[in-house]
Structures are given as C-alpha cells and as structure tokens.
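Whatever order the structure lists ligands and atoms in, that order sets their numbers, starting from 1. What's counted below: heavy atoms across the whole structure, side chains too, no hydrogens, waters or symmetry copies.
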Amino acid sequence: MGPCLYNPDHLFKLVFVGCSPVHHQLESHSQPIQRLSSLVFLSEKEYKVYSERQHKSRERDHRTIGYQQKLFMTHKLCAGSPIFLPRGTRLFLNLKKILRREYALYDYEEVITPLVYEKELWQNSGHWELYKKNMFLMEKESTGLKPMNCPAHCLIYQSEPRSYRELPLRFADFGPLHRNEDSGTLTGLCRVIKFHQDDAHIFCRQDQIYCEIQTCMAMMEKLYKLLGFSYYTVLSTRPEKSIGTDEEWKNSEQQLKMYLDTRGSPYEVRSGDGAFYGPKIDILVEDANGKRHQTATIQLDFQLPSRFSLHYTDVAYKKIRPVIIHRAVLGSFERMIALLIEHWEGKFPLWLSPTQILIIPIKHDSEKQLEYATKLSRRLKLLEFHVETDFSKDAFVKKIARSRTLYNYILTVGDREVLQETVSVRPRSDSKVLVKKIDLFIEHLQKERAIE
Ligand SMILES: [Zn+2]
C-alpha cells in the first residue's frame, strides 16, 4: 500500500455514493462480487458544495425533466429504444425543421432508405467484418438492421451514371438506426439502441474535400450558436482495426489536420479513435454533469467508394473514384435532445419549445369561454404553434401555478377577453399580466419564433 496523502484526522465525512452488485463470473462457480465506491471530503464545506452541485445536476438531468414535462418515456419491453411522447416529438420535429432549412441553403437532397438489408450489402461495406457485433441480425444471420445509412446511400449513387459536373452530391437521411449496445451502457437518451441522426453523405471529388469540410463546419458553428452550445473539437485517427491502405489513411488524416490547423481554433488529437473506414473530426458537448458527449462528426472515407466500385466520369470521360464524407451536425437527435433539455433546464426558447402556449379559460363551465378558447387554439395551431388548453375543473390559481414555468406563454380568457377579442398574457419570463388584442399577440409570437 502506498503512503497516505491525507491526515485521517482531517477526514470529515465518508459519503457513500454507489453500491451496485457487479456480477463478474470470473470462474464458472465463482460468487458474484459487489463493487462499492465512496467519496471522502476534507471539510464539511467541501461536502456541502459537492452535494449542492449533485442536487442541481440531478434537477437538470434530462431524465428528470423529461419525465416531469412528459417529453419521452422508456419501457423495460423496449430497453434502449426511447418512446417520444407528443411533447418530445414536437421538440424532435422542431429540430428537424431547423435542419431542413439548412439543407435547402446548403443544397442537400433528402432520401428515405430501408431498415433491413441482405448480408451481402454489409459484406460489401465492411460492416460484416468489423461491425457485426453491434448489429441486429435476423433470419439466421442472412439479413441485418441498419446501424448506419452509408451503404444504402452508396446504392443510390450507384444507381445511375455520374458525371464530375453533378458532384458534390449530398444525400441526407433522418431514418432510424439500431446499434446493439450492451444493456449496462444504456443511459436515458444519451446512449440508446434505436436512434435517429441528421445523417448525410457527401459524394465528392478529391479537389472538393476541403471546401465540403469547411461548409459542414460552418453549418455546425451556426447551429450550435443558435442552440446555445459551446463545444470541443477532436481529431480522431486510425484505429487498430481498420480497412484501407497506409497511403489512404495518411492522405485522409492529413486533409483533416490541414483544415483544423488552418482554422486556428484549438483541437485535441485522439490517436486510434477514428472510424474503421477513415479518420474524423468530432464535436463534443458537455452535459449537466460535465460529461462530454460526441454530437457532430465529419468523417472522410476512401474505402466505401472502392468497395462499392463507385465512380464518376471526368471531363475526358475517364472513370474516377469519388470520396465520401460522412457527416452529422446535431448527431443523434436523442442525445442532442438530452443535451438541450439540460442546457435550457427545460425552459426552451419559443422557436424550440414543445410547450409554447397554454390557454386557460377562467371559468371551466362557461360555454362562451370554452368556445373562445377552442377557436383561439385552432387558430394558433394552424399557424404551427404548439398549443395546449387546460379545460380541467381545478382552481384557476392552481392551474397557473403548476404551468407557470413549463409554457412560454399562458393565455387566460374570461368574459372580458371574449367580449373584446383579447387575451390576458402571462409570459414565463415576466410576472406582469398583459392584455393584448389577439392579432397583435400573434404578430408578436411570429416575430419571437422567427430565427435568422
Ligand atoms: Zn455514414
């Protein structure tokens, strides 16, 4: 045993933080062992700071807020495959809407591809050799659920002759992916079996790589600024198990490094952390506990184009191999939603919020007020606002109190509002109640929702 760094007299408190049975079957008849972990604090003050921080991060945890706000649920019958409830689905679709706007700007084409493919496809792509243990296989291992979209996008590329003039071709795919993760590693929305990515594959010429990396990073920077994230950049290089020649790896690693060096912002190099088909630039974002998660990724790939015999014809009608850039900007929607919940502590800005407006009729038994509330709700929904109405018989004060922080705006309607065609507005950010004409309030909402 090494020397003790701390004087045991200074130890104030021994805090037990975890105790879970860990079943290590070391030998066939060995007993399960139990792992205990503990933290020691040198003063009561340190302990208090720690425990306060723990309490705050538990409150911000996406699983806590997700449950309280009814955003998503998990079930033992589909472990690792979260179920998005109506509000969580709105959040998901809001993100998709923002991405589709960027896709129009950066010239991406969306495609829809199958979930299940014959083994031959995975053998071609190299997944069968190096990724099979992470895949769900069916029918005596003759087909498999897709863990990635790339091979399907290669089939699309292959389906017709391509000319140098068409490139870059950018195929975007929001389809669900399944990866067979160990059940012990599954965590909330951060690590799951079924997930969706804002995935895209760019088929381009060698001379277009640099520009494509630049525009992918520009899209990422713009969106992360909008979402309110700061991030870390990582360059991951050739892993132990990989496909491709030394020359190809060297070339692709150099291209990514050259871009990052020219960009000038700090980045970390992780040797051996690249994908099996190529090196990558990863973007990491911290969660409420300070744990970093990978979100965006840009990966260069010289392997899939040759495995699928892809080519285009150049100006002299010569067949040339294109390069594939695998890229995701938000990464997994599930993980991004977890990070957003924690970042905004469940109080989303209007353009992202799944709970934008709640309408409360002051008297639950007034037909006039109920009719007015329903009409108002329909009008706002047609303008694509997320609106809920509280028709319950609970006391008015109780209704306000329980919804105060969940919605961006609470609109109350009584006889006066019905008569004057107004609403009483309670913004989440302000304790004042403002009476507004409906048209003016809608105009205000539309301005607040609009993003640059
Ligand atoms: Zn891919």
Please give the atom name: the N, O or S atom of H201 nearest to the Zn ion (ligand 1). NE2

Please find out if the Zn ion (ligand 1) and some N, O or S atom of C150 are separated by less than 2.8 Å. yes

Between the side chains of N94 and H386, is a donor N or O closer than 3.5 angstrom to an acceptor N or O? yes

Using a strict 4.0 Å threshold on nitrogen-to-oxygen distance, state whether D314 and R205 make a salt bridge. no

Could you pull out the atom name of the N/O/S atom in H326 that is nearest the Zn ion (ligand 1)? ND1

Taking the ring of H326 and the ring of Y277, is the distance between their centroids below 6.0 Å? yes

Residues Y131 and S125: side-chain donor-acceptor under 3.5 angstrom: no

